Amino acid sequence: MSSFDQVYNRRDTRSVKWDWMEKIYDINDASDILPMWVADMDFAAPTVVTEALQERINHPIFGYSYICEGCKTAVQSWLHTKHNWQTETEWMLFHHGVVPAIATVVETFTKPGASILVTPPVYPPFFSIPEKLGRKVEISPLLELEGTYEMDFVSFEEKLQNGIELFILCNPHNPGGMVWSKETLIEIIRLCAKYDTIILSDEIHADLVYPGHTHYPLASLADNEADRIITCVAPTKTFNLAGVQAAVMIVTDAQKREQLRDHAAAHGQMELSPFGATALKAAYEHGEPWLVELLEVLSSNIDYAIETITSALPKVKIARPDATYLLWIDYRLTGLSEEEMMELLLHKGKLALEPGSKYGESGRGFMRMNIACPRKTLEDGVDRFIHALS
């Protein structure tokens, strides 16, 4: 049996996905509800990672640690091999996650009241973090056609003309699952250069791209404009290590790196834990075979879920994602409101998905489903979804 077929009991493990549903969905008892919402996988992490962590745990002293050169060269080699992006280790700053890195970039390069641009529907921290930090969030909604999206460059440039200081890009896109074309990314760079806007490119899903599609790191296309781009990458989505908390900011501009170091010092931010650094290094050095198998499993899961759901429920539409393990489910033809849909899913189907409005008002009429789980679990979830709407 493949490790990807093994079903693990994750309840009572302090799992946000499995143990916090009562809090997240405001229900009294979620013991019979299947969670397919937050973006972590129900697969065991690669054995090479758990073995490396076990070896580190066998040394019973967990004092202050630092990022070794081996960690940096592991990241460098991965980015070059997987994405044809030649980086320098001196460009790398390590952080405890991409979401904290977003907050760091917002605080370092903008002041309260500054305008930050996002393109919804998009990952909620893109707008919630700037808002909580007292920045003004401007939106340029993506153009949608049958559940897939493209940039609206007319709206995008109109917003940039109004003094946007930072644009946050989701590359590949969450929740839509698009891999942006080279032409789209080059136009983003051109327009942001024209209006002197810094770009934060969240590329945490870059490794989860399916055959027929190519992820382009934004900075790899930027030539002389690379210094305006801060790229966030991490092994956490790729290898199911979210709780280990490890990410990397790639910053070509030495002055920006120094500003980010000053911000870290001012906030008492330390290096990764010994476990974060160990997991990152092991995953990037030895995790490729596991990832190859994972992508085959995810692709098969996507095909099964889309075919089964849309065959049983013709009014539900699902565009196949280019990347990620997330389905963006379009239920607008059912005529159900979001509140009605959530009621049916939670109380009839006993299934927890994420409502589309969480990703911005343009996401209303959609649900996000996480299909990164053993086939047995996926079949149960798909049956629950169909039952809820039958």
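If you're wondering where the values come from, they're calculated on a predicted model, not measured in any experiment.
- In this structure, Val209 shares a hydrophobic cluster with Val179, the cluster being traced through Ile, Leu, Val, Met, Phe, Trp and Tyr side chains under 4.5 angstrom apart.
- More than 12 non-hydrogen atoms from other residues, nucleotides or ligands lie less than 6.0 angstrom from CD of Gln86.
- Thr377 places a side-chain heavy atom less than 4.5 Å from the side chain of Pro374.
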- [ ] Decide side-chain hydrogen bond (donor to acceptor under 3.5 Å, both in side chains) for Thr184 and Ser181; before the verdict, give the C-alpha distance in whole Å, the side-chain angles of both, and the deciding distance to 0.1 Å.
- [x] CA-CA 5 Å; Thr184 292; Ser181 70; 3.0 Å; yes
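- In this structure, the side chain of Tyr195 does not engage the main chain of Asn162 through any donor-acceptor pair within 3.5 Å.
- Judged by distance alone, with hydrogens and angles left aside, the side-chain atoms of Ser299 form no donor-acceptor pair with the main-chain N or O of Glu296 at under 3.5 Å.
- Residues passing the salt bridge (Lys or Arg N to Asp or Glu O under 4.0 Å) test with Glu354, sequence neighbours excluded: Lys358, Arg368.
- Side chains of Ile188 and Met151 form a contact here, defined as non-hydrogen atoms less than 4.5 Å apart.
- Electrostatic pairing of Arg10 and Asp40 counts as a salt bridge here, judged by a charged N lying under 4.0 Å from a carboxylate O.
- His95 and Thr104 share a side-chain donor-acceptor pair at under 3.5 Å.
- Within 6.0 Å of atom NZ in Lys348, more than 12 heavy atoms from other residues, nucleotides or ligands are found, so the atom counts as buried in its surroundings.
- At least one side-chain heavy atom of Leu34 sits under 4.5 Å from a side-chain heavy atom of Met36.
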Under the side chain to side chain contact (heavy atoms under 4.5 Å, CB included) rule, what do Val316 and Ile329 come out as? Steps first, then yes or no, please.
-> CA-CA 7 Å; Val316 173; Ile329 300 174; 3.5 Å; yes
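- Trp91 and Asp253 are not linked by any side-chain donor-acceptor pair at a separation below 3.5 angstrom, with hydrogens and angles left out of the test.
- Using cut-offs of 30° and 60° on the angle between ring planes, the pair His263 and His267 is parallel.
- Placement of Phe94 and Val49 within a single hydrophobic cluster is found when ILVMFWY residues are connected by side-chain heavy-atom separations under 4.5 Å, directly or transitively.
- A 6.0 Å sphere centred on CD of Glu339 holds more than 12 heavy atoms belonging to other residues, nucleotides or ligands.
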Could you go through the side chain to side chain contact (heavy atoms under 4.5 Å, CB included) check for Leu295 and Leu208 one step at a time? CA-CA 7 Å; Leu295 289 171; Leu208 299 170; 4.2 Å; yes
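- Classified by interplanar angle (parallel below 30°, tilted 30° to 60°, perpendicular above 60°), the ring pair Phe239/Tyr284 is perpendicular.
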Report the C-alpha distance between Lys194 and Glu157 in whole Å, list the side-chain angles of each, state the deciding distance to 0.1 Å, and finish with yes or no for salt bridge (Lys or Arg N to Asp or Glu O under 4.0 Å).
-> CA-CA 10 Å; Lys194 180 178 179 180; Glu157 183 168 14; 2.9 Å; yes
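- Sorted by first and then second residue, the pairs that involve residues 213-231 and meet salt bridge (charged side-chain N to carboxylate O under 4.0 Å, His left out), not counting sequence neighbours, are Asp196-Arg228, Glu225-Arg228.
- Between Ser140 and Leu117, the closest side-chain pair of non-hydrogen atoms falls below 4.5 Å.
- Listed for the Asp330 side chain is a donor-acceptor partner under 3.5 Å among the backbone atoms of Arg332.
- Salt-bridge formation is detected for the pair Glu288/Lys82: a Lys NZ or Arg NE/NH1/NH2 atom is positioned less than 4.0 Å from an Asp or Glu carboxylate oxygen.
- Ion pair Arg135/Glu165 not flagged as a salt bridge, since none of the NZ, NE, NH1 or NH2 atoms sits closer than 4.0 Å to an Asp/Glu carboxylate oxygen.
- Under the 4.5 Å side-chain criterion, counting only non-hydrogen atoms from C-beta, Tyr359 is not in contact with Val122.
- Crowding of Asn28 atom CG: a count of heavy atoms from other residues, nucleotides or ligands under 6.0 Å not exceeding 12.
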**Prompt:** Given Tyr304 and Glu379, is the side-chain hydrogen bond (donor to acceptor under 3.5 Å, both in side chains) satisfied, shown in steps?
**Reply:** CA-CA 9 Å; Tyr304 170 81; Glu379 290 173 354; 4.6 Å; no
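- Between Arg257 and Thr252, the side chains place no donor N or O within less than 3.5 Å of an acceptor N or O (distance only, hydrogens not considered).
- Sparse packing is recorded around CG of Asp26, with 12 or fewer heavy atoms of other residues, nucleotides or ligands lying under 6.0 Å away.
- For the salt bridge (charged side-chain N to carboxylate O under 4.0 Å, His left out) condition, the pairs that include at least one residue of residues 299-317, sequence neighbours left out, are Asp303-Arg320.
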Could you walk me through whether Trp18 and Asp42 pass side-chain hydrogen bond (donor to acceptor under 3.5 Å, both in side chains), step by step? CA-CA 10 Å; Trp18 286 84; Asp42 290 322; 3.1 Å; yes
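- Salt-bridge check for Glu258 with Lys256: failed, with every basic side-chain N at 4.0 Å or more from each acidic carboxylate O.
- Under a cut-off of 6.0 angstrom, the local environment of OH in Tyr66 is sparse, with at most 12 non-hydrogen atoms contributed by other residues, nucleotides or ligands.
- The cluster map of Ile, Leu, Val, Met, Phe, Trp and Tyr, joined by side-chain heavy atoms under 4.5 Å apart, puts Ile318 and Leu333 in different clusters.
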Taking it one step at a time, do Ile371 and Ile302 satisfy side chain to side chain contact (heavy atoms under 4.5 Å, CB included)?
CA-CA 7 Å; Ile371 55 82; Ile302 287 170; 3.7 Å; yes
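- Hydrophobic cluster membership differs between Ile24 and Tyr123, with clusters built from Ile, Leu, Val, Met, Phe, Trp and Tyr side chains linked at under 4.5 angstrom.
- The local environment of CG in Asn58 is crowded, with over 12 non-hydrogen atoms from other residues, nucleotides or ligands closer than 6.0 Å.
- Annotation: side chain of Thr148 is in contact with side chain of Met178 (closest heavy-atom distance under 4.5 Å).
- Within the structure, ring pair (Phe, Tyr, Trp, His ring centres under 6.0 Å) pairs that include any residue of residues 360-390 comprise Trp328-Phe366 (at least two apart or interchain).
- Side-chain contact of Asp207 with Trp78: a donor-acceptor pair under 3.5 Å is present, judged by distance alone.
- A donor-acceptor pair is defined here as one N or O able to donate and one able to accept, closer than 3.5 Å; such a pair exists between the side chain of Ser390 and the backbone of Ile386.
- Using a 4.5 Å heavy-atom threshold, the side chains of Trp290 and Val48 count as separate.
- Heavy-atom neighbours of Glu55 CD from other residues, nucleotides or ligands within 6.0 Å: at or below the threshold of 12.
- In this structure, a donor-acceptor pair under 3.5 Å is present between the side chains of Ser357 and Glu338.
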- Query: Please walk me through it: do Trp180 and Tyr149 pass ring pair (Phe, Tyr, Trp, His ring centres under 6.0 Å)?
  - Reply: CA-CA 10 Å; Trp180 299 115; Tyr149 297 86; 8.6 Å; no
Using the side-chain hydrogen bond (donor to acceptor under 3.5 Å, both in side chains) rule, take Thr108 and Gln259 through it: C-alpha gap first, then chi angles, then the decisive distance, then the call. CA-CA 7 Å; Thr108 301; Gln259 289 175 272; over 6 Å; no
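- Using cut-offs of 30° and 60° on the angle between ring planes, the pair Tyr25 and Trp37 is perpendicular.
- Under 4.0 Å is where a charged nitrogen must lie from a carboxylate oxygen, and between Glu271 and Arg261 no such pair does.
- With sequence neighbours left out, Asp380 forms a salt bridge (Lys or Arg N to Asp or Glu O under 4.0 Å) with Arg384.
- Ring centroid separation for the pair Tyr8 and Phe43 does not come in under the 6.0 Å cut-off.
- Checked by atom type, the side-chain pair Asp322/His173 shows no donor-acceptor distance below 3.5 Å.
- In summary, the side chains of Ser273 and Gln245 do not present any donor paired with an acceptor at a separation below 3.5 Å, with no hydrogens or angles considered.
- Gln76 places a side-chain heavy atom less than 4.5 Å from the side chain of Met92.
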